[in-house]
There are 2 protein chains.
Amino acid sequence: MGKRPALAKSELEVAQIVWKLGRATVREVFEAMPSERDLNVKTVQTYLRRLEAKGYVQTYREGRNNVYTPLVRASQVVRRLVDDFVNRIFGGQPFPLVQQLLEQRGLTDEEIDRLQCMLNRLKKLS
Amino acid sequence: MGKRPALAKSELEVAQIVWKLGRATVREVFEAMPSERDLNVKTVQTYLRRLEAKGYVQTYREGRNNVYTPLVRASQVVRRLVDDFVNRIFGGQPFPLVQQLLEQRGLTDEEIDRLQCMLNRLKKLS
DNA sequence: ATTGACGGCGTTCATTTGAACGATATAATG
DNA sequence: CATTATATCGTTCAAATGAACGCCGTCAAT
């Protein structure tokens, strides 16, 4: 395991829809794509095939259709992506990224509260 | 402005060194690269040329050498990258990413304190 | 002046990615 | 059954990316 080739951007986009739907045909994925992202259904098909080739999804026949289902959990892939991002952009240090996210992007008051709880808990642990 | 083509991974790697050194020749960049990343100096040169073509660095002659200097601030590029990442992976929501970073990666106690300060300040602002 | 080292420029080349077509198979409809 | 629609598979194709060569010029040491 682990040795799956990385996902290209468009592939990830499509994979995210498969994760969301749980199981889907090409057409279903196609229809679930954001409308501003205006791809041909054949293109979506191509990306699904590539996802399968890379081992991220599985396909089985249902009548004349292919149905795709995830082979890897989203959280797992996302974790890898975050890891890689932090390593590449922030030299492996999560702190500066967190800092930037807090400053730059808006968090609701509720989210701020939840983060404070998390931080308190983290501090107690150490 | 603004419409610079995106940086490829290897290009970013090289750009980071230019930012760190402030100004550097091909060889200097080459020598400043992490040793485990074992690239040919000619390759580094290629990436620097591409960085120039994309408008991220500038070059001027110094004797027989080219000296490269940044044309864009690192913080600016990093901001864009973070933005794009949050959009693509987390649907534009910074919170889940922050959450993941707090859980998964180690923060020192001091960093936790600083984050708590930031959060307090943010809450007061709203 | 000759040689050799290094530097730059133009090029090359394979792979990956983004995007889609056309032919064939198959299912649904009249 | 004939027609039409749709799905799949194999292919294609251009641009981007990762990685490096080779030629040619110049500067420094012999």
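All heavy atoms count here, side chains included; hydrogens, waters and symmetry mates do not. Reminder, nothing fancy here: chain letters follow the sequence lines and each chain counts from 1.
For the OP1/OP2 pair of D:dG18 and a distance below 4.0 Å, the side-chain nitrogens and oxygens of B:Ser10 include at least one atom meeting the criterion. Here B:Lys54 reaches the OP1 or OP2 of D:dT17: one of its side-chain N or O atoms lies under 4.0 Å away.
Map A:Glu13 and A:Lys42 each onto its nearest nucleotide of DNA chain C; the residue landing nearer the 5' end is A:Glu13. Position along DNA chain C of the nearest nucleotide to A:Arg50 versus A:Arg64 favours A:Arg50 as the more 5'-ward residue.
When the nucleotides D:dG22, D:dA19, D:dC27 are ranked by their closest atom to the side chain of B:Tyr47, D:dA19 comes out on top. Of the candidates D:dA20, D:dA7, D:dC9, D:dC9 carries the atom nearest the A:Gln45 side chain, counting heavy atoms from C-beta on. Among the nucleotides D:dG10, D:dT8, D:dC21, the one closest to the side chain of A:Arg61 is D:dT8.
Under the 3.5 Å distance criterion, with hydrogens and angles disregarded, a donor-acceptor pair is assigned to the side chains of B:Tyr60 and B:Arg23.
Residues A:Gln100 and B:Arg79 are in side-chain contact: their nearest non-hydrogen atoms beyond the backbone lie under 4.5 Å apart. Between A:Arg88 and B:Gln16 there is no side-chain heavy-atom pair separated by less than 4.5 Å. Counting heavy atoms from C-beta outward, B:Val72 and B:Val57 have side chains that stay 4.5 Å or more apart. Taking 4.5 Å as the limit, every side-chain heavy atom of B:Thr108 sits out of range of all side-chain heavy atoms of A:Phe95.
In this structure, CG of B:Leu39 is placed 16 Å from P of D:dT17, rounded to the nearest angstrom. Across the protein-nucleic acid pair, A:Glu31 atom CD and D:dT6 atom P stand 11 Å apart, rounded to whole Å. Here the C1' atom of nucleotide D:dA19 and the NZ atom of B:Lys9 are 16 Å apart, to the nearest Å. A straight line from CG of B:Asn40 to P of D:dG22 spans 11 Å, rounded to a whole angstrom. Atoms CG (A:Asn65) and C1' (D:dT6) sit 9 Å apart, rounded to a whole Å. Distance CG (A:Asn66) to C1' (D:dG10): 14 Å, rounded to an integer number of Å. At whole-Å resolution of the value, OH in A:Tyr60 and C1' in D:dT8 are 17 Å apart.
Within 6.0 Å of the NZ atom in B:Lys20, the count of heavy atoms belonging to other residues, nucleotides or ligands does not exceed 12. With a 6.0 Å radius and a threshold of 12 heavy atoms from other residues, nucleotides or ligands, A:Glu110 has its CD atom at or below the threshold.
When DNA chain C is scanned 5' to 3' for any atom under 4.0 Å from a heavy atom of chain A, the first and last hits are C:dT17 to C:dA28.
Within 4.0 Å of A:Arg27, counting heavy atoms only, lie sugar-phosphate atoms of the nucleic acid but no base atom. When heavy atoms are screened at a 4.0 angstrom cut-off, B:Thr46 is found touching base atoms of the nucleic acid. Backbone-only engagement by A:Val26 is indicated by non-hydrogen atom pairs under 4.0 Å involving sugar-phosphate atoms exclusively.
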